[in-house]
Structure formats: C-alpha cells, structure tokens
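Read the structure below first, then the notes.
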Amino acid sequence: MIRIDKELIFSLIEKNGFRSVGLSAPDGILYKLPELAREIENRYPGTSVFVFLEATYGTCDLQNAEADRLNLDAVFNIGHSTDIPKMGSKTFLIRAEYDVDVEAAMATAAEVLRSHGYTRVGLITTSNYGGAMARAEAILTAAGFEVVKSKPFPSLFEGQVFGCNYYAPRNSNAEAFLFIGQSMFHAAGIYLSTLKPTYLVDPHFGEVTDVKEEGDKMYKKAVLGIYKAKGGDKFGIIVGLREGQSFRAKGEWFRTRLSQLGKVATLMALRDISPARINLIRDYDAFIELGCPRIPMADRGFEKPILSYPQGLALVRLFEGKDIGDIFNMNVWA
Ligand code: SF4
C-alpha cells in the first residue's frame with residue numbers, strides 16, 4: 001500500500017489559503033487522485049481541484065505552466081519527492097511511500113552478500129521507499145555488514161537516485177549495492193554507473209535479483225545504438241518540452257558540433273518523445289534526445305537509433321576519432 005503525505009497537502013492549503021489546486025502523480029498512483037480531490041473539496045468547501053491525467057515521469061516533469069494556464073494557486077506533485085519542497089512557481093513535491101516490510105527481502109540479501117564475500121554495502125533507493133532505508137540498514141548492520149554512507153546529491157536524501165542521477169552510488173566506496181524497490185531500470189543504472197555488483201531487493205515479493213545480466217544487455221543495446229547512429233549523416237536533436245527536461249543549450253551545442261563535423265543536424269522539440277512522433281521524420285538517420293535518458297533504454301519501437309545525452313556525447317567522440325567513453329554517466333544534473 002502506498003501512503004500519500006496528505007497532511008502536508010492540507011497544511012499547505014490552510015497556510016497559503018489556496019482555493020484552486022491541481023494534483024499530479026505517476027501512473028501507478030494516479031487512480032488515488034480523484035478520491036483525494038473529493039476529500040480536499042469536502043474538507044475545504046469552495047475549493048476547486050483538478051486531477052492532471054497527463055503522464056508525469058519524475059521531478060523533471062512539473063506542471064507550473066499548466067497551473068498558470070488553468071489559473072491554479074498550486075499543484076501538488078505526488079510521489080516524486082526530494083528534499084526541496086517546492087519546484088518552480090507553483091509545484092509542491094509531496095511524499096508518497098510504500099508501506100513495506102523489508103525483513104524477508106533483507107534476510108535473503110544478507111545471505112547473497114555473504115555468499116559472495118561482500119562486507120561493505122551501499123543502500124540505494126528511490127523516494128517511494130525512503131522510509132524503508134533505516135530498517136534495511138539496521139538489518140544489515142545486525143548481520144555484521146558495514147553500511148557505507150555516500151555523499152547525497154544536493155537536495156536528494158542519503159542513497160536516493162533518479163533514473164538520470166546516480167551521484168550517490170558513483171560517490172560511494174561500497175563493494176556492492178542493494179537497491180530497494182521494484183525498478184530494474186534504476187537497479188541496472190546503479191550497476192552501469194559504477195560497474196559494481198548490484199542487487200535488486202524487492203520488498204513486496206521478498207526477492208533478490210543480481211542485475212548484471214539485465215545491465216549488460218542494456219549496455220550492449222546502448223553501444224549498438226551509438227554505432228548504428230555513427231553510420232548516419234542527418235541527425236535530429238530533440239529538446240524535451242517537459243519543464244525539467246528542456247536543455248536547449250545542450251541541443252545548440254550538438255547542432256554546432258555535428259555541423260562542424262560535416263553532419264546535418266536539426267533542432268527539434270517534443271513533449272512526449274515517443275516512436276509515434278519520431279518515426280514520422282523518415283529521412284533522418286538518427287536522433288539525440290535531451291529529455292530523459294531512460295527513453296532510449298526502453299525498447300519501444302523507434303525505427304531509427306535514438307540516443308540519450310551521454311550516448312550523444314559518445315557519438316561525437318567517435319566522430320572525433322576518440323573512444324566511446326563513459327556512456328552511463330547519467331548525472332545529467334551534476
Ligand atoms: S529525466 Fe527521466 S530519469 Fe530523470 S527524473 Fe525525469 S523521468 Fe526520471
């Protein structure tokens with residue numbers, strides 16, 4: 001079960017006198033929002049609440065502009081929290097955490113770590129499992145492991161990662177990592193960013209999975225995409241239109257550099273970077289998308305190679321006659 005920090009929402013409404021607010025959340029939590037909207041409207045008569053049905057993928061994906069368009073006082077973005085309470089002019093980040101019992105999964109994880117001889121372990125997770133970290137650490141410590149503290153990225157909590165920010169594991173001297181949650185993508189991202197053994201610890205099912213096989217597949221796919229793109233002459237440089245994914249300066253840099261290297265490069269802009277839109281541009285050979293580095297990693301039916309920002313940098317390095325470099329340095333904010 002997921003617990004939304006409704007008390008924070010109520011106190012923000014009361015403190016600020018908000019009369020019209022929006023609610024947004026990732027798909028897995030979206031079904032809870034209409035009920036929450038009714039609860040707010042019943043509790044604060046005269047208040048209007050909009051449920052945003054648009055996808056929201058992360059802290060990068062806010063609705064400040066939409067809030068202005070609808071003339072809302074605030075938007076509560078639920079389920080993508082950091083230590084920063086407010087992002088932009090109107091969006092408040094609201095914590096939503098799974099109520100999970102980590103005992104069984106951590107006992108299995110301890111056995112796995114012991115069987116490999118690892119003693120110094122890093123604990124990593126996303127915001128939805130932040131509350132489980134203290135118990136997980138206590139279990140590991142009691143089992144004789146050293147839980148290594150890593151320097152958190154500014155505004156993220158100890159051990160928190162995003163799909164585009166692996167600062168915590170990259171700045172840790174742990175021998176191996178445990179990722180608490182269900183996202184293979186995040187767990188494999190830790191492995192790919194650090195090349196250290198990483199295990200997905202799923203507290204819902206009590207399962208522990210070594211992510212190496214999946215991570216190696218992702219690495220090969222990413223490298224293959226870069227080499228396929230290298231055969232091209234015409235590149236689309238896609239700047240994301242989601243609020244926190246809009247890296248125009250990076251787009252301009254790619255256009256200039258690729259042009260200097262004798263390629264055709266065109267700036268494009270898109271909100272939902274999906275095959276349905278990209279595949280319409282048939283006479284371009286490959287695309288570099290600057291929105292979210294997760295997009296090229298999912299096999300979603302793109303007809304032409306589509307590269308993330310670090311993959312795009314690798315492509316430029318290859319055109320310059322250099323090696324491919326670190327293609328999973330996904331700390332695009334760092
Ligand atoms: S850019 Fe992608 S990985 Fe990063 S926060 Fe946004 S949705 Fe998550």
Side-chain angles (χ1 to χ4, degrees), residues 24-30 52 54-66 75 77-88 91-96 124-130 152-157 159-170 179 181-194 200 211 214-215 218 221-222 237-251 269-274 278 287-300 302 306-313 327-334:
S24 69
D27 289 1
I29 310 178
L30 199 58
F52 282 94
E54 288 279 338
T56 175
Y57 295 115
T59 315
C60 59
D61 195 2
L62 306 174
Q63 287 82 23
N64 290 299
E66 284 82 354
V75 175
N77 183 298
I78 297 164
H80 292 126
S81 57
T82 67
D83 281 344
I84 299 177
K86 193 174 179 196
M87 300 277 285
T91 303
F92 293 86
L93 300 181
I94 305 296
R95 200 169 282 260
I124 305 290
T125 194
T126 56
S127 67
N128 304 130
Y129 295 89
F153 186 79
S155 83
L156 303 193
F157 63 75
Q160 184 181 6
V161 290
F162 287 158
C164 55
N165 187 323
Y166 293 93
Y167 183 89
R170 281 175 77 94
F179 173 80
Q182 291 191 304
S183 167
M184 175 55 83
F185 173 82
H186 286 91
I190 297 164
Y191 165 68
L192 290 166
S193 314
T194 63
L200 174 66
V211 305
E214 198 57 36
M218 287 181 186
K221 183 170 181 287
I237 314 298
I238 301 166
V239 174
L241 290 177
R242 292 180 184 276
E243 267 183 54
Q245 296 183 2
S246 188
F247 296 110
R248 178 177 166 173
K250 287 186 170 109
L270 186 56
R271 182 175 174 83
D272 272 318
I273 302 174
S274 64
I278 305 277
F287 298 87
I288 298 169
E289 65 84 16
L290 305 171
C292 170
R294 291 181 66 147
I295 292 167
M297 294 175 77
D299 197 2
R300 298 171 56 203
F302 291 104
I306 179 157
L307 309 182
S308 65
Y309 171 63
Q311 284 175 287
L313 293 178
I327 61 167
F328 279 96
N329 181 5
M330 289 200 287
N331 292 351
V332 292
W333 304 351

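Every number for a ligand or one of its atoms is a count from 1 in the order of the listing.
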TODO: Mind checking the CD1-CD spacing from I238 to Q245? Nearest 0.5 Å is all I need.
DONE: 12.0 Å
TODO: Any atoms of ligand 1 less than 4.0 Å from a non-hydrogen atom of G163? List them with their elements.
DONE: 3 (S)
Open item on the list: So, using salt bridge (Lys or Arg N to Asp or Glu O under 4.0 Å) as the criterion, who are the partners of D27 when residues are at least two apart?
Closed with: none
- [ ] Please identify each residue that fulfils side chain to side chain contact (heavy atoms under 4.5 Å, CB included) with E243, with sequence neighbours left out.
- [x] L62, N64, A65, E66
Open item on the list: Could you tell me, atom by atom, which parts of ligand 1 come under 4.0 Å of a heavy atom of R294?
Closed with: 3 (S)
Open item on the list: With a cut-off of 2.8 Å, does C60 put an N/O/S atom close enough to atom 6 (Fe) of ligand 1?
Closed with: yes
Task: Geometric class of the F153/Y167 ring pair [parallel <30°, tilted 30-60°, perpendicular >60°] - done: perpendicular
